[in-house]
Amino acid sequence: MQEISVGIDIGGTNSAYGLVNKNGKIVFQDSMPTRGYAKVEDFVKALSLKINDAIKKAGDVKIIGIGIGAPNGNYYTGTIEYAPNLEWKGIIPLAKMFQESMGVPAVLTNDANAAAIGEMIYGGAKGMRDFIVITLGTGLGSGIVANGDVIYGFDGFAGEVGHTLVCTEGGRECGCGRNGCLEAYASATGIRRTVFELLGTTNHPSVFRDVTFNNLTAAMISEAALKGDKIAQVAFESTGRILGIKLADSVAYTTPKAIFLFGGLAKAGNLIFEPTIRHFEANLLNIYKNKIKILPSELNESNGAILGSAALVWKNINNE
């Protein structure tokens with residue numbers, strides 16, 4: 001009988017889930033809408049039914065636990081706390097709810113911490129005890145690992161690099177309600193905002209002058225930059241500069257061996273990596289220079305969140 005962990009990634013629109021063995025092979029994966037369930041209990045019931053169906057189809061397997069990655073997830077309490085992009089408000093004891101529904105242990109953390117654990121167990125951070133994972137999606141998440149363990153802090157919410165401040169006055173409004181956070185600049189949403197700021201402050205010709213903000217994507221900006229669009233190229237340079245500077249700050253706290261970039265914006269490859277690395281090295285303290293690599297994640301974006309969440313279970317077992 002094959003031992004399997006269940007990985008669940010809770011997103012604002014959809015939730016992905018999968019059955020994963022200890023070697024990182026996904027036996028089954030699928031997704032379902034997160035929205036449309038007024039009560040979280042109804043969501044848990046619906047997803048539990050789908051997971052049980054997947055277990056039956058998988059055959060001779062034993063589920064040893066459930067790992068959940070979620071926005072504003074607290075590892076210590078197993079709760080989602082005041083997540084702005086979810087329909088369920090307040091403090092949601094999601095790990096306990098799945099544990100009771102499925103009859104196996106459940107552990108929960110925020111989605112970026114799950115990605116860091118996935119990178120450590122299944123990805124490029126195998127064998128590393130000190131590293132950082134930065135998730136560059138709609139926002140900017142981060143998971144910080146020191147001495148082989150994720151840094152959670154005393155309350156479970158440590159490691160929010162995306163909510164360190166780029167500027168304190170006149171900064172962009174962030175989804176957290178403050179102004180000037182890194183994720184408002186260095187994320188898929190942030191680079192889109194940069195493009196539209198540049199359209200209003202420069203005369204550079206651009207394919208984006210007839211594009212609405214809602215229709216613009218990070219992939220479109222990458223494609224235009226590769227074709228020589230000046231606005232797109234400047235947007236990547238600006239984004240890389242801000243990200244590189246803030247990552248240089250992060251090094252001073254934990255001295256990671258590597259920083260991994262994961263998510264949609266990281267797909268831009270050298271367009272984002274080159275300026276980020278250049279400004280990162282330029283702003284490091286001398287004792288850190290040329291020691292720390294910035295690398296692409298080795299997790300596949302299409303299933304990386306599932307692997308990361310499932311890895312929570314194996315990590316917990318190894319720590320017991």
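Just so it is clear, the structure is predicted and the values come from calculations on it, not from any experiment.
Side-chain atoms of Glu173 never come within 3.5 Å of backbone atoms of Arg178 as a donor-acceptor pair (strictly under, hydrogens ignored). A donor-acceptor pair under 3.5 Å is formed between the side chain of Lys246 and the backbone N or O of Leu165. In this structure a side-chain-to-backbone donor-acceptor pair under 3.5 Å is missing from Asp9 to Ile306. In this structure, Lys89 contributes its side chain and Leu86 its backbone to a donor-acceptor pair below 3.5 Å. Formation of a donor-acceptor pair under 3.5 Å by the Arg172 side chain with backbone atoms of Gly180 is not found in this model. Side-chain N or O atoms of Asn283 include none that pairs as donor or acceptor with a backbone N or O of Gly244 at under 3.5 Å. Side-chain N or O atoms of Asn72 include one that pairs as donor or acceptor with a backbone N or O of Glu81 at under 3.5 Å. Between the Gln29 side chain and the Gly18 main chain, no donor and acceptor come within less than 3.5 Å of each other. In terms of modelled atom types and a separation under 3.5 Å, the side chain of Ser101 and the main chain of Ser48 share no donor-acceptor contact.
Under 3.5 Å, the side chains of Ser187 and Arg193 contain no donor-acceptor pair of N or O atoms. For the residue pair Asn21 / Gln2, a side-chain donor-acceptor distance below 3.5 Å is found, with atom types taken as modelled.
Looking only at side-chain heavy atoms (C-beta outward), Met97 and Glu41 come within less than 4.5 Å of each other. Using a 4.5 Å heavy-atom cutoff, the side chains of Asp249 and Thr164 are not in contact. Counting heavy atoms from C-beta outward, Asn110 and Pro71 have side chains that stay 4.5 Å or more apart. Looking at heavy atoms from C-beta onward, Tyr185 lies in side-chain contact with Cys167 at the 4.5 angstrom threshold. Inter-residue side-chain proximity for Ile10 and Ile8 is flagged as met; some heavy-atom pair is nearer than 4.5 Å. Residues Val145 and Ile132 form no side-chain contact, since every pair of their non-hydrogen atoms from C-beta on lies 4.5 Å or further apart. For the pair Leu265 and Thr239, the minimum side-chain heavy-atom distance is below 4.5 Å. Between Tyr122 and Trp314, some side-chain heavy-atom pair lies under the 4.5 Å cut-off.
Leu182 approaches Val161 most closely through the heavy-atom pair CD2-O, 3.7 Å. What you find for Ala235 and Leu198 is that their closest heavy atoms are N-CD1, 3.8 Å. Heavy atoms only, all atoms of each residue included: Ser142 and Thr135 are closest at N-OG1, 4.4 Å. Nearest heavy-atom pair across Val133 and Ala116 is CG2-CA, 3.7 Å. Nearest heavy-atom pair across Leu299 and Ser297 is N-OG, 2.9 Å. Nearest heavy atoms, Val27 versus Ala58: CG1-CB, 4.0 Å.
Open room surrounds CG on Asn203; 12 or fewer heavy atoms of other groups in view lie less than 6.0 Å from it. Few gaps surround NZ on Lys289; more than 12 heavy atoms of other groups in view lie less than 6.0 Å from it. No more than 12 heavy atoms of other residues, nucleotides or ligands lie within 6.0 Å of OH in Tyr253, so this atom counts as exposed by the packing criterion. For Tyr76, the OH atom sits in a packed shell: over 12 heavy atoms of surrounding residues, nucleotides or ligands are nearer than 6.0 Å. By the neighbour-count criterion of 12 heavy atoms within 6.0 Å, atom NZ of Lys57 is sparsely surrounded, having that number or fewer from other residues, nucleotides or ligands.
Distance CG/Asn214 to CG/Leu216: 9.5 Å, rounded to 0.5 Å. Atom-to-atom distance recorded for Leu94:CG and Ile68:CD1 is 4.5 Å, nearest 0.5 angstrom.
Under the side chain to side chain contact (heavy atoms under 4.5 Å, CB included) criterion, Ser206 pairs with Leu199, Phe208, Arg209, Asp229, Ile231, sequence neighbours left out.
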| Ile292/Phe280 under side chain to side chain contact (heavy atoms under 4.5 Å, CB included): CA gap, chis, key distance, verdict | CA-CA 10 Å; Ile292 299 141; Phe280 173 73; 4.0 Å; yes
| What's the verdict on salt bridge (Lys or Arg N to Asp or Glu O under 4.0 Å) for Lys227 and Glu223, showing C-alpha distance, side-chain angles and the deciding distance? | CA-CA 6 Å; Lys227 292 180 179 178; Glu223 184 179 344; 3.2 Å; yes
| request: Take Lys50 and Asp53, measure what salt bridge (Lys or Arg N to Asp or Glu O under 4.0 Å) needs, and give me the verdict at the end. | output: CA-CA 5 Å; Lys50 286 183 176 291; Asp53 284 343; over 6 Å; no
| task | Any chance you could lay out the salt bridge (Lys or Arg N to Asp or Glu O under 4.0 Å) test for Lys315 and Asp149, step after step, and finish with the verdict? | result | CA-CA 9 Å; Lys315 181 76 164 64; Asp149 291 311; 3.1 Å; yes
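Pairs passing the salt bridge (charged side-chain N to carboxylate O under 4.0 Å, His left out) check and including a residue from residues 264-281, sequence neighbours excluded, read Glu237-Arg278, Lys267-Glu301, Glu274-Arg278.
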Pairs under 3.5 angstrom only: tabulate donor-acceptor contacts from the side chains of residues 32-39 to other protein residues two or more places apart or in another chain.
| unit_1 | atom_1 | unit_2 | atom_2 | d |
| --- | --- | --- | --- | --- |
| Thr34 | OG1 | Gly11 | O | 2.8 |
| Thr34 | OG1 | Asn14 | O | 3.3 |
| Thr34 | OG1 | Ser15 | N | 3.2 |
| Thr34 | OG1 | Ser15 | OG | 2.7 |
| Arg35 | NE | Gly12 | O | 3.2 |

